[in-house]
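To keep things clear, I will list the structure first and then write my remarks on it.
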Amino acid sequence: MANKDPVLSPSLPWKTRISVGLLSFVTDTARRNNGTINRRFLRLFEIKSPTTPSPVKGVSSSDYTLDSSRNLWFRVFVPSSASASAPKSLPVFIFFHGGGFAFLSPDAFAYDAACRKIARKTPAIAVSVNYRLSPEHRYPCQYEDGFDVMKYLDGEGALPEEADVSKCFLAGDSAGGNLAHHTAVRVSEEREKFKAVRVLGLVTIQPFFGGEERTEAELRLRTAPIVELQRTDWMWKAFLPEGSNRDHEASNVSGPRGKDISGLANFPKTLVFVGGWDPLQDWQRKYHQWLKKSGKDAELIEYPDMIHAFYLFPEIPESHQLFTQVKDFVLNCITNSK
Ligand SMILES: *[C@@H]1O[C@H](CO)[C@@H](O)[C@H](O)[C@H]1NC(C)=O
Ligand SMILES: *[C@@H]1O[C@H](CO)[C@@H](O)[C@H](O)[C@H]1NC(C)=O
């Protein structure tokens, strides 16, 4: 048992193993030793989903560009049920995709499917953000893009009329969870700049946090799928400012250099998802503990048998459960805000 290989966790369907293997191969090959990414190589393997102006699986989608000079755009997913809804009746679910701040986009097949599902199931208007990627663009570019999208949504007519921006949710998985958190902090700090936008909840799905210290799970699961240690070290190095280390406030949020959010009265209620085969789990639990210590309302949901990013693989039954829990969280936050 001592040599049990964490990569071969017993609960992974063959289809997931193949996808995970391919994803790891492609991203490892695209990452160069000198810290750059071979984007041309990456494009050969990207499976992108087009927008669907007419509904597909009960959801239509379209892309909006905010700033073409930095390729800042988002994809909006509108459930078909919206046409029967009153104006300003649906919550707005702002989503940041994962990929270590360096990879993927809202039109990546898996993320398009995930946002489509959230839009249909909740129902909600989902907004999936194409932020700038590292290492070409480092911290704080990604956070600026997140905040600028929130400012844009605060303006008139940015979304279909069924959207109610006084019921916003910030969400993301992995690096996107980190981004959603930091965007929530900034929106809370600068609340007076927003006329209509109110953030009622924050959904962090296996968020990417870290630090110099090696945690027990990082060492035990150092070769686990997707977020093995040498990959996450590379991601932090590509994202954080030159000369800083992983104890930066962007990564080690709960450490002494992290921002004190205890005084932020309107920081939203937060849901944190953790997987038992995820090397990042200790940092995620610390994040949850830190939120509570800072006087924030935070809920932790554990999936003991799940790997990082499991919810993106619909062949894993627990994936559906997570979407249902996200929906329940959103609806509860709305009920409690009344
Ligand atoms: C990194 O390596 C690639 C491929 O060898 C090269 O094209 C690129 O200019 C290098 N970049 C830097 C910053 O050294
Ligand atoms: C980083 O996080 C760890 C664990 O929470 C903490 O012990 C350490 O002091 C932190 N370091 C800094 C500089 O924030």
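Start at 1 and go down the list; that is how both ligands and their atoms are numbered.
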Discussion item. Which residue and atom name correspond to the protein heavy atom nearest atom 3 (C) of ligand 2, and how close is it?
Written reply: Glu213 OE1, 3.4 Å
Worksheet, complete the sentence: re atom 5 (O) of ligand 2, the protein heavy-atom contact at minimum distance is Lys286 CD, 3.5 Å
Discussion item. Are the side chains of Val78 and Val59 in contact, using a 4.5 Å heavy-atom criterion?
Written reply: no
Worksheet entry | Under 4.0 Å to a heavy atom of Thr36 - the qualifying atoms of ligand 1, by number | 1 (C), 11 (N)
Worksheet item: Below 4.0 Å from any atom of ligand 2, is there a heavy atom belonging to Gly255?
Response: yes
Worksheet item: Can you say whether the rings of His182 and Tyr143 are parallel (under 30°), tilted (30 to 60°) or perpendicular (over 60°)?
Response: parallel
Discussion item. Counting non-hydrogen protein atoms only, what is the nearest one to atom 9 (O) of ligand 1? Give residue, atom name and distance.
Written reply: Asn34 ND2, 4.9 Å
Worksheet item: What do you think, any protein heavy atom under 4.0 angstrom from atom 11 (N) of ligand 1?
Response: yes
Discussion item. Can you tell me how the ring of Tyr287 sits relative to the ring of Phe209, calling it parallel under 30°, perpendicular over 60° and tilted otherwise?
Written reply: tilted
Worksheet item: So is Trp290 close enough to ligand 2, meaning a heavy atom under 4.0 angstrom away?
Response: no
Worksheet item: Would a distance-only check, ignoring hydrogens and angles, find a side-chain to backbone donor-acceptor pair under 3.5 Å from Glu218 to Pro279?
Response: no
Response to the item:
atom 4 (C) of ligand 1: closest protein heavy atom, distance to 0.1 Å, is Arg32 NE, 3.4 Å
Practice prompt. Verify the distance criterion only: is there a donor paired with an acceptor across the side chains of Arg285 and Gln281 at less than 3.5 Å?
Written response: yes
Item to complete: Measure the distance from atom 1 (C) of ligand 2 to every protein heavy atom, then report the residue, atom name and distance (to 0.1 Å) of the closest one.
Response: Asn252 ND2, 1.5 Å
Fill in: Phe25 and Phe41 aromatic ring geometry - parallel, tilted or perpendicular at 30°/60° bounds
perpendicular
Item to complete: Would you please classify the geometry between the Tyr131 ring and the His97 ring as parallel, tilted or perpendicular, with 30° and 60° separating the classes?
Response: parallel
Discussion item. Pairs of nitrogen or oxygen atoms closer than 3.5 Å, one from Ser254 and one from ligand 2: do any exist?
Written reply: no
Worksheet item: Which ligand 2 atoms are under 4.0 Å away from a heavy-atom of Pro256?
Response: 8 (C), 9 (O), 10 (C), 11 (N), 12 (C), 14 (O)
Worksheet item: What part of Tyr287, side chain, backbone, both or neither, has a heavy atom within less than 4.0 angstrom of ligand 2?
Response: neither
Response to the item:
ligand 2 atoms nearer than 4.0 angstrom to some heavy atom of Trp283 are 2 (O), 4 (C)
Practice prompt. Would you please classify the geometry between the Phe329 ring and the Phe169 ring as parallel, tilted or perpendicular, with 30° and 60° separating the classes?
Written response: perpendicular
Worksheet item: When the ring planes of Tyr111 and Phe95 are compared, do they come out parallel, tilted or perpendicular, using 30° and 60° as the limits?
Response: tilted
Worksheet item: Is atom 7 (O) of ligand 1 less than 4.0 angstrom from some protein heavy atom?
Response: no
